[in-house]
Amino acid sequence: MAVKMRLQRKGRRKRPFYHIVVADGRAPRDGRFIERLGSYNPMTKPATIEIDREKAFDWLQKGAQPTDTVRAILRFKGVYYKRHLMRGVAKGALTEEQAEAKYQEWIDAKESKIAARFEQTAAERADLLAKLSGTPPPPPPAPEPEEEEAPAETAEAAAAAEETPAAEETASEEQPAEEEKKED
(Lines give C-alpha, C1' and ligand atoms only; values in the text may rest on other atoms or scores of the structure.)
Protein backbone atom coordinates (compact mmCIF):
# COMPACT_ATOMS: atom_id res chain seq x y z
CA MET A 1 0.00 0.00 0.00
CA ALA A 2 1.52 3.35 -1.08
CA VAL A 3 1.00 6.05 1.52
CA LYS A 4 0.92 9.65 0.28
CA MET A 5 1.10 12.98 2.04
CA ARG A 6 -1.15 15.25 0.01
CA LEU A 7 -3.60 18.12 0.00
CA GLN A 8 -7.32 17.57 0.50
CA ARG A 9 -9.34 20.44 -0.95
CA LYS A 10 -11.90 22.22 1.19
CA GLY A 11 -13.57 25.59 0.91
CA ARG A 12 -16.00 26.98 -1.61
CA ARG A 13 -15.58 27.67 -5.29
CA LYS A 14 -12.68 30.05 -6.08
CA ARG A 15 -11.77 30.17 -2.37
CA PRO A 16 -9.62 27.06 -1.81
CA PHE A 17 -8.54 25.86 1.57
CA TYR A 18 -6.60 22.64 2.03
CA HIS A 19 -6.01 20.06 4.73
CA ILE A 20 -2.65 18.32 4.65
CA VAL A 21 -3.38 14.62 5.09
CA VAL A 22 -1.72 11.23 4.98
CA ALA A 23 -3.80 8.92 2.80
CA ASP A 24 -3.67 5.69 0.85
CA GLY A 25 -2.49 6.48 -2.68
CA ARG A 26 -5.55 4.71 -4.13
CA ALA A 27 -8.07 6.78 -2.15
CA PRO A 28 -9.83 9.72 -3.87
CA ARG A 29 -8.39 13.20 -3.39
CA ASP A 30 -11.09 14.36 -1.00
CA GLY A 31 -11.95 10.91 0.31
CA ARG A 32 -10.66 8.75 3.13
CA PHE A 33 -7.42 9.56 4.86
CA ILE A 34 -5.29 8.03 7.58
CA GLU A 35 -4.30 11.14 9.52
CA ARG A 36 -4.68 14.92 9.24
CA LEU A 37 -1.36 16.75 9.69
CA GLY A 38 -2.39 20.37 9.27
CA SER A 39 -3.92 22.99 7.00
CA TYR A 40 -2.85 25.31 4.18
CA ASN A 41 -4.66 28.49 3.15
CA PRO A 42 -3.19 29.98 -0.04
CA MET A 43 -5.69 32.86 -0.10
CA THR A 44 -4.00 34.86 2.67
CA LYS A 45 -0.90 36.93 2.11
CA PRO A 46 1.48 35.35 3.01
CA ALA A 47 -0.12 31.92 2.82
CA THR A 48 -1.14 30.48 6.19
CA ILE A 49 0.37 27.08 6.93
CA GLU A 50 -0.30 25.18 10.13
CA ILE A 51 1.27 21.76 10.41
CA ASP A 52 2.31 19.35 13.13
CA ARG A 53 6.02 19.07 12.36
CA GLU A 54 6.57 16.02 14.55
CA LYS A 55 3.79 13.98 12.92
CA ALA A 56 4.98 15.00 9.45
CA PHE A 57 8.56 14.00 10.33
CA ASP A 58 7.36 10.64 11.66
CA TRP A 59 5.41 9.93 8.46
CA LEU A 60 8.43 10.84 6.34
CA GLN A 61 10.54 8.45 8.38
CA LYS A 62 7.94 5.71 7.84
CA GLY A 63 8.17 6.18 4.07
CA ALA A 64 5.16 8.31 3.16
CA GLN A 65 5.68 10.04 -0.19
CA PRO A 66 4.68 13.73 -0.29
CA THR A 67 3.27 15.33 -3.41
CA ASP A 68 5.23 18.22 -4.92
CA THR A 69 3.16 20.91 -3.18
CA VAL A 70 3.30 19.16 0.18
CA ARG A 71 7.07 18.66 -0.23
CA ALA A 72 7.43 22.43 -0.75
CA ILE A 73 5.32 23.10 2.34
CA LEU A 74 7.38 20.68 4.42
CA ARG A 75 10.60 22.35 3.27
CA PHE A 76 9.18 25.75 4.13
CA LYS A 77 8.18 24.61 7.62
CA GLY A 78 11.52 22.91 8.31
CA VAL A 79 10.52 19.24 8.34
CA TYR A 80 13.06 18.38 5.66
CA TYR A 81 15.72 20.34 7.55
CA LYS A 82 15.03 18.23 10.63
CA ARG A 83 15.28 15.12 8.47
CA HIS A 84 18.65 16.36 7.20
CA LEU A 85 19.91 16.98 10.74
CA MET A 86 18.73 13.56 11.94
CA ARG A 87 20.67 11.91 9.13
CA GLY A 88 23.74 13.71 10.46
CA VAL A 89 22.99 12.37 13.93
CA ALA A 90 22.67 8.83 12.53
CA LYS A 91 26.06 9.17 10.80
CA GLY A 92 27.68 10.55 13.96
CA ALA A 93 28.43 14.02 12.62
CA LEU A 94 26.28 15.69 15.30
CA THR A 95 24.84 14.86 18.66
CA GLU A 96 21.11 14.90 19.05
CA GLU A 97 21.30 17.95 21.34
CA GLN A 98 23.31 19.89 18.74
CA ALA A 99 20.81 18.93 16.04
CA GLU A 100 17.85 20.02 18.19
CA ALA A 101 19.59 23.32 18.99
CA LYS A 102 20.27 24.01 15.29
CA TYR A 103 16.71 23.05 14.40
CA GLN A 104 15.20 25.30 17.07
CA GLU A 105 17.43 28.21 16.02
CA TRP A 106 16.31 27.74 12.41
CA ILE A 107 12.63 27.59 13.45
CA ASP A 108 12.94 30.79 15.52
CA ALA A 109 14.58 32.66 12.64
CA LYS A 110 11.95 31.42 10.18
CA GLU A 111 9.05 32.34 12.47
CA SER A 112 10.45 35.85 12.96
CA LYS A 113 10.71 36.30 9.18
CA ILE A 114 7.11 35.17 8.76
CA ALA A 115 5.94 37.52 11.52
CA ALA A 116 7.79 40.41 9.86
CA ARG A 117 6.09 39.57 6.57
CA PHE A 118 2.66 39.60 8.26
CA GLU A 119 3.43 43.02 9.77
CA GLN A 120 4.63 44.36 6.42
CA THR A 121 1.49 43.12 4.70
CA ALA A 122 -0.72 44.70 7.38
CA ALA A 123 1.11 48.03 6.96
CA GLU A 124 0.76 47.87 3.16
CA ARG A 125 -2.94 47.13 3.52
CA ALA A 126 -3.42 50.05 5.95
CA ASP A 127 -1.63 52.39 3.50
CA LEU A 128 -3.77 51.17 0.61
CA LEU A 129 -6.98 51.65 2.59
CA ALA A 130 -5.84 55.11 3.64
CA LYS A 131 -5.16 56.05 0.00
CA LEU A 132 -8.53 54.73 -1.09
CA SER A 133 -10.42 56.57 1.66
CA GLY A 134 -8.50 59.82 1.08
CA THR A 135 -7.20 60.15 4.61
CA PRO A 136 -3.48 60.55 5.21
CA PRO A 137 -1.81 57.56 6.83
CA PRO A 138 -0.83 57.98 10.46
CA PRO A 139 2.79 59.03 10.89
CA PRO A 140 5.15 56.30 12.03
CA PRO A 141 5.98 56.46 15.72
CA ALA A 142 9.13 58.44 16.44
CA PRO A 143 11.90 56.44 18.06
CA GLU A 144 12.28 57.34 21.70
CA PRO A 145 15.80 58.25 22.84
CA GLU A 146 17.21 56.05 25.52
CA GLU A 147 17.02 57.76 28.89
CA GLU A 148 20.29 56.32 30.18
CA GLU A 149 22.41 57.78 27.39
CA ALA A 150 20.87 61.27 27.49
CA PRO A 151 22.10 62.15 31.02
CA ALA A 152 25.56 60.80 30.21
CA GLU A 153 25.75 62.98 27.10
CA THR A 154 24.53 66.00 29.09
CA ALA A 155 27.13 65.36 31.78
CA GLU A 156 29.87 65.13 29.15
CA ALA A 157 28.67 68.34 27.49
CA ALA A 158 28.59 70.14 30.85
CA ALA A 159 32.11 68.93 31.67
CA ALA A 160 33.33 70.12 28.27
CA ALA A 161 31.65 73.50 28.80
CA GLU A 162 33.33 73.85 32.21
CA GLU A 163 36.74 73.04 30.74
CA THR A 164 36.40 75.47 27.85
CA PRO A 165 35.94 78.70 29.94
CA ALA A 166 38.77 77.67 32.26
CA ALA A 167 41.06 77.22 29.28
CA GLU A 168 40.03 80.63 27.90
CA GLU A 169 40.72 82.31 31.26
CA THR A 170 44.15 80.72 31.40
CA ALA A 171 44.90 81.80 27.85
CA SER A 172 43.73 85.36 28.52
CA GLU A 173 45.93 85.57 31.64
CA GLU A 174 48.96 84.35 29.70
CA GLN A 175 48.57 86.78 26.83
CA PRO A 176 49.04 90.00 28.87
CA ALA A 177 52.08 88.48 30.55
CA GLU A 178 53.59 87.75 27.16
CA GLU A 179 52.81 91.28 26.01
CA GLU A 180 54.58 92.71 29.05
CA LYS A 181 57.64 90.67 28.30
CA LYS A 182 57.72 91.93 24.73
CA GLU A 183 57.55 95.52 25.91
CA ASP A 184 60.61 95.09 28.09
Side-chain angles (χ1 to χ4, degrees), residues 1-91 94 96 98-144:
M1 173 170 84
V3 177
K4 291 275 198 182
M5 296 172 72
R6 63 183 179 200
L7 297 177
Q8 184 179 47
R9 187 183 165 120
K10 301 289 181 185
R12 64 177 198 207
R13 186 170 48 120
K14 295 188 179 183
R15 299 287 297 170
F17 180 83
Y18 299 95
H19 287 174
I20 302 169
V21 297
V22 176
D24 181 4
R26 298 170 291 185
R29 179 190 72 178
D30 300 333
R32 287 188 334 171
F33 60 91
I34 299 168
E35 187 173 11
R36 181 173 176 249
L37 301 177
S39 62
Y40 167 59
N41 185 359
M43 298 304 290
T44 60
K45 183 180 175 185
T48 306
I49 302 171
E50 296 174 10
I51 191 164
D52 186 346
R53 291 180 175 108
E54 293 300 318
K55 285 183 184 178
F57 177 72
D58 289 340
W59 278 105
L60 277 177
Q61 292 299 96
K62 291 176 185 175
Q65 295 297 313
T67 60
D68 293 339
T69 306
V70 173
R71 183 178 293 115
I73 289 170
L74 295 177
R75 277 199 184 110
F76 181 78
K77 295 305 270 186
V79 176
Y80 270 85
Y81 184 61
K82 183 173 183 174
R83 184 179 181 195
H84 169 75
L85 290 173
M86 290 303 142
R87 282 183 183 163
V89 169
K91 291 180 178 179
L94 301 169
E96 194 161 338
Q98 290 173 332
E100 284 298 322
K102 282 186 174 186
Y103 180 65
Q104 193 58 43
E105 180 182 325
W106 187 90
I107 293 292
D108 293 340
K110 187 70 165 185
E111 294 298 327
S112 66
K113 286 179 186 177
I114 293 170
R117 178 69 173 141
F118 271 112
E119 291 172 8
Q120 178 186 3
T121 302
E124 289 173 358
R125 182 169 173 80
D127 290 343
L128 177 65
L129 292 175
K131 285 180 183 177
L132 293 175
S133 67
T135 59
E144 297 178 14

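This one's a predicted model, so the numbers in the text were calculated from it and none came from an experiment.
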Check whether more than 12 heavy atoms from other residues, nucleotides or ligands sit under 6.0 Å from atom [atom1] of [X], and answer yes or no.
X	atom1	value
Arg12	CZ	no
Arg125	CZ	no
Lys113	NZ	no
Glu124	CD	yes
Gln61	CD	yes
Glu96	CD	no
Lys91	NZ	no

Looking only at non-hydrogen atoms, find the nearest pair between [X] and [Y] and report the distance.
X	Y	value
Met86	Phe57	CG-CZ, 3.6 Å
Gly25	Arg6	O-NH1, 3.9 Å
Arg9	Lys14	NH2-N, 4.0 Å
Gly78	Trp106	CA-CZ3, 3.2 Å
Thr121	Pro46	OG1-CD, 4.0 Å

Met5 and its side chain to side chain contact (heavy atoms under 4.5 Å, CB included) partner, picked from Thr67, Val21, Leu37, Ile34 = Leu37
Single hit among Leu74, Thr69, Asp68, Ile73 for side chain to side chain contact (heavy atoms under 4.5 Å, CB included) with Arg71 | Asp68
Quick one: are Lys82 and Glu54 in side-chain contact, heavy atoms under 4.5 Å?
-> yes
With a 4.5 Å heavy-atom cut-off, do Lys4 and Val70 have their side chains touching?
-> no
Is there a salt bridge (charged side-chain N to carboxylate O under 4.0 Å, His left out) between Glu111 and Arg53 once you walk through the steps?
-> CA-CA 14 Å; Glu111 294 298 327; Arg53 291 180 175 108; 3.0 Å; yes
Is the closest side-chain donor-acceptor distance between Glu100 and Gln104 under 3.5 Å?
-> no
